Amino acid sequence: MEKFIKKTAIVAPMDRANVDTDAIIPKQFLKSIKRSGFGPNLFDEWRYEDVGQPDSDNSARPLRKDFVLNQPRYQGAHILLTRENFGCGSSREHAPWALKDYGFDVVIAPSFADIFYNNCFKNSIIPIVLDEAIVDSLFKEVFAEEGYQLTVDLETQQIVKPSGEAIPFEVDAFRKHCLMNGLDDIGLTLAYQDDIKAYEVKTQKITPWLFAE
Amino acid sequence: MSAKTLYDKLWDAHIVRQEDDGTTLIYIDRQLLHEVTSPQAFEGLRIAHRKPWRIDTNLATPDHNVPTTDLSNGIASITDPISRIQVETLGMNTREFGITEYAMGDIRQGIVHVVGPESGATLPGMTVVCGDSHTATHGALGALAHGIGTSEVEHVLATQCLIQKKMKNMLVKVDGKLSIGVTPKDVVLAIIGKIGTAGGNGHAIEFGGQVFRDMSVEGRMTVCNMAIEGGARVGLVAVDEKTVEYVQGRTFAPKGEHWDMAVTAWMDLTSDADAVFDKVVELDGSRIEPQVTWGTSPEMVLDVNGKVPNPANEMDAVKADGIRRALAYMGLEADMAIKDIPAEYVFIGSCTNSRIEDFRAAAAILKGRKISDKVELALVVPGSGLVKQQAEAEGLDKIFIEAGFEWRNPGCSMCLAMNADKLPTGKHCASTSNRNFEGRQGAGGRTHLVSPEMAAAAAIAGHFVDVRDYL
Ligand code: SF4
């Protein structure tokens with residue numbers, strides 16, 4: 001997994017609540033058997049005038065000018081600012097794959113749906129939960145100032161505003177450790193092979209039907 | 001020892017190791033696989049030269065991309081080449097790793113959440129995962145079941161475990177007796193209407209109270225299926241005699257002395273009487289009415305006799321904005337009656353409502369009646385080949401066909417339209433599925449979630465109606 005330590009980047013504001021994973025990456029793109037290449041179809045239905053297909057030439061498709069990611073001032077954004085319950089709906093990891101492939105490394109919201117939140121960490125995206133009031137004020141600042149940037153520092157668990165003001169955020173210690181060191185979960189778990197085998201031996205006696213072939 | 005909830009018991013029984021900060025390695029008893037969220041996981045195994053930890057705990061079936069029309073050419077019946085490759089890839093992966101697959105053409109193939117309980121692959125007390133958020137369905141059997149992402153699918157394949165932190169406990173208690181015409185789907189929609197789509201975030205929801213005790217096991221599956229629409233990854237119902245009776249004799253159910261042992265263990269899978277929940281929500285079952293969603297989120301739901309909301313009456317600016325967007329997308333006017341919304345398409349199917357009881361209930365409404373000529377397409381899609389077979393043995397297919405429905409082959413179908421069954425732009429659909437997000441059933445399509453009975457009644461009328469007028 002790619003490491004995340006610190007990043008300063010332009011913030012794109014997605015000013016709506018309950019953005020679901022069908023909106024983040026519509027189902028026709030889930031037919032891919034690869035992990036990459038989803039970026040051009042991130043928010044596909046909101047982003048383009050037409051309905052995209054997996055084999056469409058995205059560079060030739062008409063864009064919806066008013067959609068936030070199509071506005072010149074938010075080009076190159078790596079931080080997405082959004083509203084409550086972001087990522088609700090399906091478990092598709094294609095959603096964080098698409099966000100990452102597009103270039104987002106951080107998503108800031110008052111709350112996230114559970115599965116999406118979890119999937120982000122597996123793909124070196126940090127989902128940051130901030131108070132509704134703070135998110136609200138960040139929206140105002142992003143709208144007010146073109147080229148608005150934030151610095152996200154995972155080590156100190158702080159977001160630093162252009163003014164220098166720091167906003168602390170929470171992150172699970174284990175996940176932080178994995179992100180900062182780019183660790184692979186499977187490798188970590190396999191270090192505990194003996195515990196897994198011991199568990200199997202123990203439970204086979206209690207629930208043998210779960211081990212009968 | 002302190003009192004435990006059902007979730008506590010299931011969690012505790014599956015701890016392999018726990019760190020001081022609560023990070024836990026949890027053992028997984030069953031993984032269900034389908035074609036959409038597994039290819040990258042198998043690819044990951046191959047790249048890392050890893051083998052599945054236990055082959056026999058995995059069961060695969062394709063569902064999202066399979067056509068529901070003619071299947072006589074097997075996989076070649078899938079006309080979209082990209083869909084076809086995905087289904088073929090599942091077959092290649094399961095063969096390479098020796099995993100059992102109920103492939104296209106097998107009578108046991110179907111929607112993974114229908115196949116799991118039906119085959120006994122899901123059993124009480126198990127931990128069950130699948131790369132699909134509606135895995136919550138399996139909690140109806142007293143299993144700890146939830147959806148995972150593809151990285152976790154690979155993690156479970158390689159290690160038989162997941163790295164997790166424990167969720168909080170939430171109890172949704174519905175007492176009283178449901179009125180006639182009110183179904184498990186209405187109960188769960190009413191719950192989501194009350195708690196909101198984020199109401200269960202971070203929690204495992206146990207559904208308790210008289211209404212769930214009275215409910216059939218299949219009805220409980222409908223309810224648990226939509227726990228995720230209330231934000232909870234896990235939905236649970238305590239084990240009782242009905243659960244045991246449901247499981248008995250199924251392909252993967254324990255046999256002989258193991259059966260007796262298992263039943264004794266399973267009967268303890270209830271929350272202790274004095275167990276404490278972090279959050280409790282109560283509803284009066286006798287006051288729940290048939291439900292219809294009007295908007296683009298499952299929490300945008302109303303009684304069938306209600307009126308579509310008016311954003312002008314909403315104080316919260318973000319919410320008012322949400323209502324305005326939903327009305328525009330759905331092509332509805334503020335304050336219009338739900339009953340004035342047309343039903344141009346009707347879809348009875350999906351992992352929420354494609355089991356035999358759902359079909360019996362819908363057929364009972366349709367018997368001797370015809371669907372309205374305003375309905376452009378009405379589909380019935382069984383949850384599995386075995387459901388289809390059973391329905392045909394009972395003659396339900398004939399009732400549907402005589403009423404004007406198309407009787408199709410099993411799969412996810414128009415629930416999310418990854419196959420050829422799509423809801424056209426601008427059309428309103430009475431759908432028994434679980435999500436009404438923008439574009440869910442087809443780009444620009446307008447979904448209204450209802451019970452199978454309500455979908456059948458809407459098909460007859462050509463617009464939404466109270467099913468109780470058709471009983
Ligand atoms: S029927 Fe719908 S919700 Fe259920 S697994 Fe298939 S696509 Fe997902």
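Since we're looking at a predicted model, the values are computed, not measured. Numbered from 1 within each chain, the chains take letters A, B, ... in sequence-line order.
For the set Asn118(A), Asn123(A), Thr207(A), Ile206(A), the count of heavy-atom pairs under 4.5 angstrom toward chain B peaks at Asn118(A). Of the listed residues (Leu210(A), Ile196(A), Val51(A)), the greatest number of heavy-atom pairs within a distance under 4.5 Å of chain B belongs to Ile196(A). Residue with the most contacts toward chain A among Gly147(B), Ser83(B), Ser151(B): Ser151(B) (heavy-atom pairs, distance under 4.5 Å). Contact count versus chain A (heavy atoms, under 4.5 Å) is highest, among Thr37(B), Leu416(B), Asn65(B), Thr89(B), for Leu416(B). Of the residues considered (Asp321(B), Thr425(B), Ile163(B)), Ile163(B) shows the highest number of contacts with chain A, using heavy-atom pairs under 4.5 Å. Across Arg325(B), Lys319(B), Met126(B), Glu438(B), the residue that shares the most heavy-atom pairs under 4.5 angstrom with chain A is Arg325(B). Heavy-atom pairs under 4.5 Å with chain B were tallied for Gln193(A), Lys202(A), Arg83(A); the largest tally goes to Gln193(A). When Glu43(B), Glu229(B), Glu35(B), Arg54(B) are compared by the number of non-hydrogen pairs under 4.5 Å with chain A, Arg54(B) comes out ahead.
In summary, of the residues considered (Glu154(B), His155(B), Glu152(B)), a side chain to side chain contact (heavy atoms under 4.5 Å, CB included) with Asp185(A) occurs for His155(B) alone.
The pair Lys31(A)-Asp80(B) meets the salt-bridge criterion, with a side-chain N (NZ, NE, NH1 or NH2) lying under 4.0 Å from an Asp/Glu carboxylate O.
When the heavy atoms of residues 34-49 of chain A are compared with those of chain B, the residues falling under 4.5 Å are Lys34(A), Arg35(A), Glu45(A), Trp46(A), listed by number. Using a 4.5 Å heavy-atom cut-off against chain B, no residue of residues 133-140 of chain A qualifies as contacting. Contacts from residues 174-183 of chain A to chain B, taken as heavy-atom pairs separated by less than 4.5 Å, involve Phe174(A) in sequence order.
Only the side chain of Asp184(A) comes within less than 4.5 Å of a heavy atom of chain B; its backbone N, CA, C and O stay farther away. Ser90(A) touches chain B through backbone and side chain together, each having a heavy atom under 4.5 Å away. Residue Leu123(B) touches chain A through its side chain alone, counting heavy-atom pairs closer than 4.5 Å. Contacts between Pro26(A) and chain B at a heavy-atom distance below 4.5 Å are absent for every atom of the residue. With a threshold of 4.5 angstrom between heavy atoms, Glu19(B) approaches chain A through side-chain atoms but not through N, CA, C or O. There is no contact between Glu84(A) and chain B, counting heavy-atom distances below 4.5 Å. At a 4.5 Å heavy-atom cutoff, Leu188(A) makes no contact with chain B through either its backbone or its side chain. Heavy atoms of Ala417(B) lying under 4.5 Å from chain A belong to its backbone as well as its side chain. Contact annotation for Ala265(B): only side-chain heavy atoms (C-beta onward) come within less than 4.5 Å of a heavy atom of chain A. With a 4.5 Å cut-off on non-hydrogen atoms, Lys255(B) does not touch chain A at all. Within the 4.5 angstrom heavy-atom criterion, atoms from both the backbone and the side chain of Val36(B) approach chain A.
No donor-acceptor pair under 3.5 Å is formed between the side chain of Glu93(A) and the backbone N or O of Gly131(B).
Rounding to the nearest 0.5 Å places CD1 of Ile82(B) at 8.5 Å from OG of Ser32(A). The structure places OG of Ser91(A) at 9.0 Å from CZ of Arg233(B), a figure rounded to the nearest 0.5 Å. Distance CG/Leu190(A) to SG/Cys161(B): 9.0 Å, rounded to 0.5 Å. With values rounded to the nearest 0.5 angstrom, Gln441(B) atom CD is found 10.5 Å from Asp22(A) atom CG. Note that CG of Asn18(A) is 4.0 Å distant from OG1 of Thr197(B), once rounded to the nearest 0.5 Å. If you take CD1 on Ile186(A) and CH2 on Trp53(B), they are separated by 12.5 Å, rounding to the nearest 0.5 Å.
Closest approach of Gly89(A) and Ile228(B) over heavy atoms only: O-CG1, 4.1 Å. Taking all atoms of both residues into account, the shortest heavy-atom contact from Thr203(A) to Ala13(B) is CG2-O, 4.4 Å. Of all heavy-atom pairs spanning Met261(B) and Pro208(A), the tightest one is CE-CD, 3.6 Å. Looking at every heavy atom in both residues, Gln40(B) comes nearest to Ile33(A) through NE2-C, 3.5 Å. Among all heavy-atom pairs drawn from Asn119(A) and Gly149(B), the shortest one is OD1-CA, 3.2 Å. Here the shortest heavy-atom pairing between Ala262(B) and Trp209(A) reads CA-CH2, 3.4 Å.
The aromatic rings of His14(B) and Tyr199(A) are tilted relative to each other, their planes meeting at an angle between 30° and 60°.
Dense packing is recorded around CD of Gln204(A), with more than 12 heavy atoms of other residues, nucleotides or ligands lying under 6.0 Å away. More than 12 heavy atoms of other residues, nucleotides or ligands lie within 6.0 Å of NZ in Lys166(B), so this atom counts as buried by the packing criterion. The number of heavy atoms from other shown groups lying within 6.0 Å of NZ (Lys6(A)) does not exceed 12.
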Go through the steps to decide whether His258(B) and Phe211(A) satisfy the test side chain to side chain contact (heavy atoms under 4.5 Å, CB included), and finish with yes or no. CA-CA 11 Å; His258(B) 281 177; Phe211(A) 293 84; over 6 Å; no
Start with the C-alpha gap between Val16(B) and Tyr192(A), add the side-chain angles, then the distance that decides, and say whether side chain to side chain contact (heavy atoms under 4.5 Å, CB included) holds. CA-CA 9 Å; Val16(B) 172; Tyr192(A) 299 123; over 6 Å; no
Please step through side chain to side chain contact (heavy atoms under 4.5 Å, CB included) for the pair Arg440(B) and Asp20(A), ending with a clear verdict. CA-CA 10 Å; Arg440(B) 171 77 181 182; Asp20(A) 59 76; over 6 Å; no
Using a 3.5 Å cut-off and no angle test, enumerate the donor-acceptor pairs between side-chain atoms of residues 110-117 of chain A and protein atoms at least two apart in sequence or in another chain.
residue, atom, partner, partner atom, Å
Ser111(A), OG, Asn85(A), N, 2.8
Asp114(A), OD1, Gly202(B), N, 3.1
Asp114(A), OD2, Gly202(B), N, 2.6

